[in-house]
Engineer: 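Here you go, one structure.
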Protein chains: 2
Amino acid sequence: MPDPAPTTQPAGVHRLTLADILREHRRSRPQTTAAVDGRVRLTYPELDDRVDRLAGALRSAGAAPGARVLYIGRTSVRFQEILLASARIGAIAVPANWRQSTDELAFVLHDLAPAMVFWQPEPAARELAAARAAADAPERWIRCDGTDDADADAYTAFLRSGDAAPETPGTGADPVIGLYTAAFDGRPNCALLSHDALVAHTAALLRMRAVGAEFTFLNSGPLFHVGTLMFHLAAFHAGGTNVYMHDFDPAEAARLIEAERVDHMFGFGPMLDAIVAANTDGHGRPRHDLSSLRFMRHSPAWDAQITVGTDPWNASGMGGYGQTEAGGMLTYLALGMGGAGSAGRPSPMAQVRVVGPGGAELPVGETGEIVARGPSLFSGYFNRPALNARKMADGWYHTGDLGRREDDGTITFIGPCARMIKSGNENIYPAEVERALTSHPDVAEAAVIGVPDPVWGQSVTAVVRRTPGAALTADQVVEHVRAAIASYKKPRRVVFVDEELPTAGRGPDYAALDAAYGGGGYPGEAGTG
Amino acid sequence: MPDPAPTTQPAGVHRLTLADILREHRRSRPQTTAAVDGRVRLTYPELDDRVDRLAGALRSAGAAPGARVLYIGRTSVRFQEILLASARIGAIAVPANWRQSTDELAFVLHDLAPAMVFWQPEPAARELAAARAAADAPERWIRCDGTDDADADAYTAFLRSGDAAPETPGTGADPVIGLYTAAFDGRPNCALLSHDALVAHTAALLRMRAVGAEFTFLNSGPLFHVGTLMFHLAAFHAGGTNVYMHDFDPAEAARLIEAERVDHMFGFGPMLDAIVAANTDGHGRPRHDLSSLRFMRHSPAWDAQITVGTDPWNASGMGGYGQTEAGGMLTYLALGMGGAGSAGRPSPMAQVRVVGPGGAELPVGETGEIVARGPSLFSGYFNRPALNARKMADGWYHTGDLGRREDDGTITFIGPCARMIKSGNENIYPAEVERALTSHPDVAEAAVIGVPDPVWGQSVTAVVRRTPGAALTADQVVEHVRAAIASYKKPRRVVFVDEELPTAGRGPDYAALDAAYGGGGYPGEAGTG
């Protein structure tokens, strides 16, 4: 009987990397604008040329396949260039949260051991760059002062130094993006996403949001966050246009929406309110025409200025449940509009099960951990073999989130198995803040809860027991945390207690602490993903 | 420096096989009708149960991972069951053209060495089944007499004999469907398509045709042809409904479109005309409401009865360029409506180049061979190592078709590099018919051309030089071919000549033969894919 597997199938024939997509756009969409960033406007062939040069420069600088290329900077076309040049040489681009503290960035640097660091001169990065230069560190630091070649900064000089890159090595299974995510046990981990996973995720998103080559996305959030990055990649995959804002500014957002006929943006409640306020003149009329924006219903004033879609594929079906580790979305509300579950149904690129502690699938209606499988899932965390083994037990990715399958097959997202606070759309893990608190010599014990906040969803409250005799003040506690980790994670309120904190199992008794100090409003409690 | 590749990533976490999709639909769409075939109506859980039992029976009968499961029968839910059961045990389902001659089917059987054959009692299959039974052949033959379990045929008994199947083995890279395609050198070849390729192709099709869970597809063409099969798979992947017709019947098609609210069907010109004729009563009014059908513009009468879409994702953008080996479509007209090229732009799951004889990419505007790469491409032909090496040289699949890249990035399909005749939507390769002709002892030499035909596009003309003294008639020639290969490939006209046929290179001089005997209308000549 002949062997069923063809014996001569070359690996390349199934390949579609991000670099391949860029090259195909060069062929297929020679006149389309790929990127708009301030004065910079690049067509796909122009972007492809710049990426070739940057890839050549990266390779000359010693970035080999599998090398990490770290970006510490704002939302900009420069990250797109760095990402695609990394893709072209088989490297892994990692956009870091530039608002982190110097210590946090130092952890990332140590954890990732990048070959290259592209950085903007913000305080934390500046401090780290100086320290690394003094230490004669092996990685190369390239400073980005602008986004325009006219700025004649180190980035521009570096890019111009490159010759055209050779053909991309590797396969679509190679990781190309790393995103730092959930701080399990107080330590963040870099989730690696392959070309194949990103292409699969984006293919579903193209369907779910009706994305085509006419799609223009306003990159109005951080590119180190999957919420912005997934639409950035969808616009790119479809051959559409990415428009960049370095920092969110509501008046500038309104101007760009009109000028570039933006279809979609990254935004949540307070951002949308700010745009409406900035875009309404003294007579209650809009300054700029925002009607090209097909976005979600939010407030009467917002709805009146934009286009609120009437079908699930437009605006009304936005939502679902997702994670960085799934490339973005695992379920789409659009696939279960009007259903019993708040998170819709799984992406066509994923399988989802709700399982009990032993890993067995639970019956409909029972709450358990959400586990998932499919081509859009990540490749594991960088350099975390033990964590990867635990999170991918039985060949299913264990999300660490609780959910429930409803009678009609839709899914309800309940909340994290481990407690998480959500403030201003940022995830804050109590364990991480607690670790920062207890690193202070005057703190004997600390626990962190989230209390409901009308603007930000939740805000952080720290419950602290001081070491005997210590005169630590609340301001000193807040300042200590702010200096140790990202500012948005610092407590808004500090409650000092004299008794030992209540415990449950190996950690704090959060339920008792919530009851005592007003905790609540955790993600999932309201039934939304 | 740490190793960039996670060391413990289990293979299963990225898997999404056709069997996995079925299981997910069971969870996500417990009330949705998956299939309608005569009196048979199956929800996704019911289909999943039947597939489990059939998979168990197949495994008990000795079908191991990689085994071929041949289906020789009409369009029916039974093929869907056989396909999904094969998927569940890691086998490869191959739907054969049941209209082939006994000799042609015998070739397929010999070529494929299947473990199992499911067959309907049509003359050729009946003859072959009897011969194989007499020869004590190793493969097992299971006869299908109906589509309803009430028919109590061998298929039903076999399915009922199965216990629930264990979990699917293997990965998404394993082939799951084989389709016999182009007869290069007069011999057909079985193109193997993996789960991953089919999922990737379908993901693009979901976007391109706005397919969702509400999508109902009328399987009105043969499932051994990718034109029907790709929409069958799209409806399945989206969690929609497949409706089956065993043979195309225009009045029954109209009845089903109304009864099942069909969105899409397989059909071309003469089929659409037949539906309109059958569905128009003596007063010029439609008998059945066909308005659920979102299909292509065809004739005023057709357009008036169906819904002709107004956006590219509906009906007006249908078209493009495709091949079985690409899982279906390689380019979509919807991605290049109004562009210079007739075939639109590449699928988001493919890269396309136009290359010269040496494999180098040609400049815009020059005609060369279309080569492609991407996740939707096939895994090679079954048991054809030399052909696979040739067709996938340099890691690109060589389509054997000619095309051109236009200034605006769109693609024009020109036609096959090797000549092909298209009659009634069937591909007819002259080499195959010529081989049948010259197997007759009274034929010294023969060449086949296509002549334009108002109904079928083209019809086959054979130019034949008899051996000296032979009294062979045209009827005898036609009968000889009809007995040797599929009837639709037989010549409609035989021209006897006394002189030697003109040659060019190693084959007939087709241009001279076309000029002498009225050849023309070859696919691509009109500029359409």
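Not measured: the values here are computed from a predicted model. Lettering follows sequence order; numbering is per chain, from 1.
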Engineer: Please flag which part of B/Ala372 lies under 4.5 Å from any non-hydrogen atom of chain A: side chain, backbone, both or neither.
Structural biologist: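 When you check distances to chain A, only backbone atoms of B/Ala372 fall under 4.5 Å.
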Engineer: Would you mind telling me which of A/Gly172, A/Pro375, A/Ala203 has the largest number of heavy-atom pairs within less than 4.5 Å of chain B?
Structural biologist: A/Pro375
Engineer: Apply the test salt bridge (Lys or Arg N to Asp or Glu O under 4.0 Å) to residues A/Arg27 and B/Glu361: give CA-CA distance (whole Å), side-chain angles for both, the deciding distance (0.1 Å), then the verdict.
Structural biologist: CA-CA 11 Å; A/Arg27 290 188 285 260; B/Glu361 193 164 0; 3.6 Å; yes
Engineer: Name all residues meeting the ring-ring contact (aromatic ring centres under 6.0 Å, His included) criterion together with A/His25; count only those two or more places apart in sequence or in a different chain, and write none if there are none.
Structural biologist: A/Tyr44, A/Phe236
Engineer: Contact part of A/Val371 toward chain B, heavy-atom cut-off under 4.5 Å: side chain, backbone, both or neither?
Structural biologist: neither
Engineer: Measure the OH-CD1 distance between B/Tyr397 and B/Ile370 for me, rounded to the nearest 0.5 Å.
Structural biologist: 10.5 Å
Engineer: What pairs with A/Pro348 under side chain to side chain contact (heavy atoms under 4.5 Å, CB included), at least two apart in sequence or on another chain?
Structural biologist: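 With sequence neighbours excluded, A/Pro348 shows a side chain to side chain contact (heavy atoms under 4.5 Å, CB included) to A/Ala204, A/Met208, A/Leu335, B/Leu206, B/His237, given in chain and number order.
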Engineer: Heavy-atom distances under 4.5 Å only: say whether B/Gln351 touches chain A with side chain, backbone, both or neither.
Structural biologist: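 It is both, since atoms from each part get that close.
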Engineer: Check whether B/Arg405 gets within reach of chain A through its side chain, its backbone, both or neither, counting any heavy atom under 4.5 Å.
Structural biologist: side chain
Engineer: Quick one: which of B/Ile21, B/Ile411, B/Val352, B/Asp407 has the most heavy-atom pairs under 4.5 Å with chain A, could you say?
Structural biologist: B/Val352
Engineer: Below 4.5 Å from any heavy atom of chain B, which atoms of A/Glu406 appear? Answer side chain, backbone, both or neither.
Structural biologist: neither
Engineer: Taking side chain as everything from C-beta outward and backbone as N, CA, C, O, which of these in B/Ala197 sits under 4.5 Å from a heavy atom of chain A? Side chain, backbone, both or neither.
Structural biologist: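 For B/Ala197, no heavy atom lies under 4.5 Å from chain A.
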Engineer: Please identify which of these residues, B/Ile177, B/Val176, B/Thr171, meets the side chain to side chain contact (heavy atoms under 4.5 Å, CB included) condition with B/His195.
Structural biologist: B/Val176
Engineer: Look at the side chain of B/Asp394 and the backbone N and O of B/Trp396, then say whether any donor-acceptor pair between them is shorter than 3.5 Å.
Structural biologist: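 It does not hold such a pair.
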Engineer: With only heavy atoms counted, which part of B/Asp196 is less than 4.5 Å from chain A, the side chain, the backbone, both or neither?
Structural biologist: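 It is neither, since no heavy atom gets under 4.5 Å.
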Engineer: Report the C-alpha separation of B/Val108 and B/Val94 in whole Å, then their side-chain angles, then the decisive distance to 0.1 Å, and conclude whether the side-chain contact (heavy atoms from CB on, under 4.5 Å) test is met.
Structural biologist: CA-CA 10 Å; B/Val108 165; B/Val94 182; 5.5 Å; no
Engineer: Any idea which of A/Ser28, A/Gly239, A/Gly409 has the most non-hydrogen atom pairs under 4.5 angstrom with chain B?
Structural biologist: A/Ser28
